[in-house]
Each structure stands twice: as structure tokens, then as C-alpha cells.
Chemist: 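The structure is given below, and queries will be raised subsequently.
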Amino acid sequence: MRALLLIALAVLVGLALLLRWRRPAWYWMSFGVVLATLKVRLRYASVMDACDLTVPASRFRLTLARWFNWEVPRQRVPRLLWIRPTRTGLRLRVRMRPGQDAFDYSAAVDRLRHAFGVHQVTSREIKPGTVEISVTGYDVLKRVQMPARTDSTELHIPIALCEDGAVHYRDYRQVPHSVTLGAVGSGKSVTQRRVIKELAAQRVALVGIDCKNGVELAPLARRFSALADNADDAADLLEALVTRMEGIYETIRREQRISADTPDAEITADIWGLPEDLRPVPVVLTIDEIAELALFTTAKEKKRRERAVVALVRLAQLGRAAGIFVDIYGQRFGSELGDGITMLRAQLTGRMSHRVNDETSSKMAFGDVSPHAVFAATQIRNDRPGMAVVGYSNGEWTRIRSAYTSMREAVTACNRHAGLTPDLPELARFRPLVDLEPVEAPAVAEAA
């Protein structure tokens, strides 16, 4: 009997080690979550004490101990409200002791990671006096597997996985414009294809500018309402978008009908408050490699560049209410690209940086967000394409990694949803000249 128990135990341990090596997600759901929960429960008080997250006993208890010659009270440990397992880790809700603040826990996350023996620990303040500690049991970003179900709605798309296992969404309604930086081979194109693949199935108009002769966006042209593959056409396309934006503002102003008897709910200053039959289709503008649009060598190219930058700045400043959203991709995005670039960057709320080769490039994205995000962007490994740092306007940041999307997958999605491509009269001359249905290659005749 004992021999059978030993054999069963050996098989169980072997199975756990095999899963941990080949299928870390399965290991976590079957073995890891139980072991981690027990470890946190049993070692919580000692870990909090070792990580300097305890406070001295109250003066009242110290006074009583001195009067009655009792043992000196021990340090008070923060109260653990609950532990909840997740698909990739644990979430701990902790009630702080008087005198503590959320920064104490943020500064101790690396010590907590080593003490609990987990891959990653992050913390954030939930409300005054309460913090939530997120524990990640394994390296989620090593092999990105997006959940089967995601909260995908209009202009709210899942594009990556965060380091704590949560899904990172691109929400155009909340963050209308963004910039994505990264060195060659860092995975910008993977992120770009993922965004376009998700948007292809929605009721939006895709507009692209790819001054590299269209090598990145031309294969996806069946789903694009307008596409420019050189700098001259790009300047004309941006000015045409400004014309469309001005026309939409005229429509909004005409439909406001502000009077004493107009219900407050019917007064709007953007397209989302217009009736369904009058609401223009949203437009997502994707610019691949901004430097090719901003650089110039001759006086003629300088005039073209000024037209393009002025139009782009106007779209970034005024386009949100008209349903025009801007996504910019590039290797660098600093003042060396010329006048107007700094003004344009100030309008881009979304900031994402893949691997960069120098700290200056990272500062272009996160210099006004967080110095820690600047450092994190320079620490991304070369063998992690698609991994990036995302910064938020409130100073917070996180690491993410986009799910790998091949060019074939993006092309298939665009071809499948080509019928959703809207016609924009203002951009009609920039509509790609492609067939609505893919043309099959003719069969090769066999040699006689």
C-alpha cells in the first residue's frame, strides 16, 4: 500500500513539473493556485513584517503592557481582507494600518515577489486605506494567449496582454489619439496588424498613410476607405480629412437646435449625440512611420511637409468630436523631426513604446508621464518582439505584449470584412483600386 502511495505521489509530482515546464497556465490552474494561496495564508504575517509593512502597536496597548508588566505587544500587521484566485495569479485586498500609504506597498513589491516566490507583484490603491496586491504566478508574457472571451465593443478592442494577466484594450472613445514607438524589429508592425484586424470587423472607416510605398498597409487595402503610399498624396489626404472634419462640425452645429424647449439629452457637441441616421461613420487614421512624412530635403518637400504637419495637428486637436482618431507609429518622435512635432505629440494621449535602443527615444514617449516607464522601455529584451510599455496620463504604466498577428491573418480579416468598407466622398480619390473579392491565381498548365 505504501509503495502504491509513493508511486502515485511520484506520478503527481512528475505531472506537476511537466505542466510547469510545458503548460504554465495549466500548472497554475491545477496546482499553482492552491500552493500559492496556502503560502500566502501561512506566511502573510511574517512576510509583512520582513518587508517593513507593519506598524508599532498603539500607545494604549503599550501603556497597558507597561502598567501590568505584560509582554511588549508585537508589530501590527495590515489586515488581509480576502484572497481571490485569477486565471494567472492571485488578488489580495489589504486594509492599511494608520500611518501607511499606498507608496509603501508599491516600494515593497519586489520584496514581496521574492518572499512569496511568484513571478510578478504589483499594487494599486483602491480607495483611501485599501490597496489591492496583484500576484502573477508565472511569466504571462512569455507565450501570449488571449482569453477566449473579451470585452470587445465599438472602438474598444483587445490588443495585448498585461503582465498581471489582464487584457489591455485600445479604447478610442477615452484615448482618441496615440503614438507607438519602437526600434526596428521590436514588434510595432505586429501591434499595428492586431489593431487593424480587430477594427476590420467594426463599423469604422480605416484610412492609412504608408510612405514606404505601402508595403505595410497595401496588403490590407480591401478594408481601407483611403490609402496614401507617398508623402505628396499623404499631405493631400490629410487636408481632405480636415475638410471632412469641418463638414461634420457644420452638421453637428446645424442639428443642435438649442432652444428653450430642447431636451438637455438632445444637445450634443460631438457625433455620438447625433441621430443614428445622421451620425457619420468614425474614421481611424493609421500613419506608418511618421518620420517619412516629416523629413524633407528640398524647398518643395518642405512646403509639402508643412501642409501635412499642420493638417495632422488640426486633426489631433479637433478630430475627436468629429469621430476622427489618429494612430501614429514610428521609430522616433522628437523635435528633430521639425516644427510642429512637439505640438502634435502633446495631443497624443496614448503612449506605447516597444524596445528602444537609447533612453532619449523612450523619453519622447514617457518623459512627461513617468521616469520609471522611461527606464522600463529600455529594459525590454531583444527576444520579446511585441512587448511594450504603456503609459497613462495619470503617471501609471504597465508592461504588455501583443498577441502575434501575422500578415496573412490581418489580410484574411480585411478580406473577410471588405463589405464593411464605407465610401467617404471627401476621400474618394484616395480609395485603393482593388477588387472587392480576392482574385484566385490561374492554374499553371502542365508541361506537355
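All of these numbers come straight from a predicted model, not from anything done at the bench.
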Chemist: Could you tell me which non-hydrogen atom of Arg399 sits nearest to which non-hydrogen atom of Ala376, and how far apart they are?
Modeler: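 Heavy atoms only, the tightest pair is NH2-CB, 4.0 Å.
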Chemist: Over all heavy atoms of both residues, which pair between Ala321 and Tyr249 is shortest? Give the atoms and the distance, please.
Modeler: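 So the two residues come closest at CB-OH, 3.4 Å.
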Chemist: Step through the shown structure and confirm whether more than 12 heavy atoms of other residues, nucleotides or ligands are within 6.0 Å of CE on Met343.
Modeler: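 No, the 6.0 Å shell around CE holds no more than 12 heavy atoms from other groups.
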Chemist: Would you confirm whether the ring centroid of His119 sits within less than 6.0 angstrom of the ring centroid of Tyr138?
Modeler: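 Ring centres of His119 and Tyr138 not closer than 6.0 Å.
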Chemist: With rounding to the nearest 0.5 Å, note down the distance linking NZ in Lys363 to OG1 in Thr360.
Modeler: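 Reported value, rounded in 0.5 Å steps: 6.5 Å.
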Chemist: Answer yes or no: is there an ion pair linking Lys212 with Asp229, defined by an N-O contact shorter than 4.0 Å?
Modeler: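 Not counted as a salt bridge, because no side-chain N and carboxylate O are separated by less than 4.0 Å.
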Chemist: I'd like to check the side chain to side chain contact (heavy atoms under 4.5 Å, CB included) partners of Leu278; sequence neighbours left out, ordered by chain and number.
Modeler: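 Listed in chain order: Glu255, Pro275.
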Chemist: Minimum heavy-atom separation for Gln100 and Pro78, please, with both atom names.
Modeler: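 The answer is OE1-CG, 3.9 Å.
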Chemist: Just verifying a value: how many Å separate Leu293 CG and Ile341 CD1, rounded to the nearest 0.5 Å?
Modeler: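 Spacing of CG (Leu293) from CD1 (Ile341) equals 8.0 Å.
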Chemist: Test side chain to side chain donor-acceptor pair (under 3.5 Å) on Asp288 and Gln192 and set out the steps.
Modeler: CA-CA 9 Å; Asp288 186 78; Gln192 183 184 83; 3.0 Å; yes
Chemist: Show your reasoning for whether salt bridge (charged side-chain N to carboxylate O under 4.0 Å, His left out) applies to Asp233 and Arg304.
Modeler: CA-CA 10 Å; Asp233 289 345; Arg304 178 264 303 158; over 6 Å; no
Chemist: Are Arg91 and Trp82 in a cation-pi contact, defined as NZ or CZ under 6.0 Å from the six-membered ring centre and within 45° of the axis?
Modeler: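 Relative to the ring axis of Trp82, which defines the angle, Arg91 lies outside at least one limit.
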Chemist: Name all pairs fulfilling the side-chain hydrogen bond (donor to acceptor under 3.5 Å, both in side chains) condition that reach into residues 195-211, sequence neighbours left out, sorted by first residue then second.
Modeler: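 Found Arg194-Glu198.
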Chemist: Does the pair Arg314/Glu239 count as a salt bridge with the N-to-O cut at 4.0 Å?
Modeler: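 Here Arg314 does not pair with Glu239 in a salt bridge, since their nearest N and O are not under 4.0 Å apart.
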Chemist: Between Glu125 and Tyr105, is there a side-chain donor-acceptor contact under 3.5 Å, judged purely by atom types and distance?
Modeler: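 On atom types as modelled, these side chains do not qualify, holding no pair under 3.5 Å.
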Chemist: Can you see which heavy atom on Pro158 is nearest to which on Thr150, and at what distance?
Modeler: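 Residues Pro158 and Thr150, closest heavy atoms: CG-OG1, 3.5 Å.
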Chemist: Indicate yes or no: does Arg253 engage Glu250 in a salt bridge with an N to O separation below 4.0 Å.
Modeler: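 Looking at Arg253 and Glu250, the cut-off is not met.
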Chemist: Quick one: does Ser225's side chain have a donor or acceptor within less than 3.5 Å of a partner on Pro422's backbone?
Modeler: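 Checking the backbone N and O of Pro422 against the side chain of Ser225, a donor-acceptor pair under 3.5 Å is found.
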Chemist: Can you pull out every ring-ring contact (aromatic ring centres under 6.0 Å, His included) where at least one residue sits in residues 287-326? Sequence neighbours excluded, please.
Modeler: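 Listed once each, the pairs are Tyr172-Phe325.
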Chemist: Could you check whether Asn415 and Thr412, counting side-chain N and O atoms only, form a donor-acceptor pair closer than 3.5 Å?
Modeler: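 No, Asn415 and Thr412 have no side-chain donor paired with an acceptor closer than 3.5 Å.
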Chemist: Do His354 and Thr191 meet the criterion of a side-chain donor-acceptor pair at a distance under 3.5 Å?
Modeler: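 Checked: His354/Thr191 side chains pair up, N/O donor to acceptor below 3.5 Å.
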Chemist: Can you give me the closest heavy-atom contact between Ile380 and Ala388, atom names plus distance?
Modeler: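 Reported closest heavy-atom pair: CD1-CA, 3.9 Å.
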Chemist: Test your reading of the model: is there a side-chain donor-acceptor pair from Ser106 to the backbone of Ala102, 3.5 Å cut-off?
Modeler: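 Side chain of Ser106 to backbone of Ala102, a donor-acceptor pair under 3.5 Å: yes, one is there.
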Chemist: Is the number of heavy atoms from other residues, nucleotides or ligands within 6.0 Å of CZ (Arg320) greater than 12?
Modeler: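 No, because the 6.0 Å sphere around CZ of Arg320 holds 12 heavy atoms or fewer from other groups.
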Chemist: Over all heavy atoms of both residues, which pair between His372 and Trp397 is shortest? Give the atoms and the distance, please.
Modeler: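 Closest approach of His372 to Trp397: CB-NE1, 3.5 Å.
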Chemist: Are more than 12 heavy atoms, taken from residues, nucleotides or ligands other than Gln174, located less than 6.0 Å from that residue's CD atom?
Modeler: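 Check fails, neighbour count at 12 or below.
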Chemist: Regarding Arg384 and Asp139, does a basic nitrogen lie under 4.0 Å from an acidic carboxylate oxygen?
Modeler: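 Result for this pair is yes, salt bridge flagged.
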Chemist: Side chain to side chain donor-acceptor pair (under 3.5 Å) between Asp327 and Ser178: does it pass, once the steps are laid out?
Modeler: CA-CA 5 Å; Asp327 283 338; Ser178 72; 2.8 Å; yes
Chemist: More than 12 heavy atoms of other residues, nucleotides or ligands under 6.0 Å from CD of Glu154: is that the case?
Modeler: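 Correct, the count exceeds 12.
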Chemist: Does the pair Asp232/Arg307 count as a salt bridge with the N-to-O cut at 4.0 Å?
Modeler: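 Judged by the 4.0 Å cut-off on N to carboxylate O distance, Asp232 and Arg307 do not form a salt bridge.
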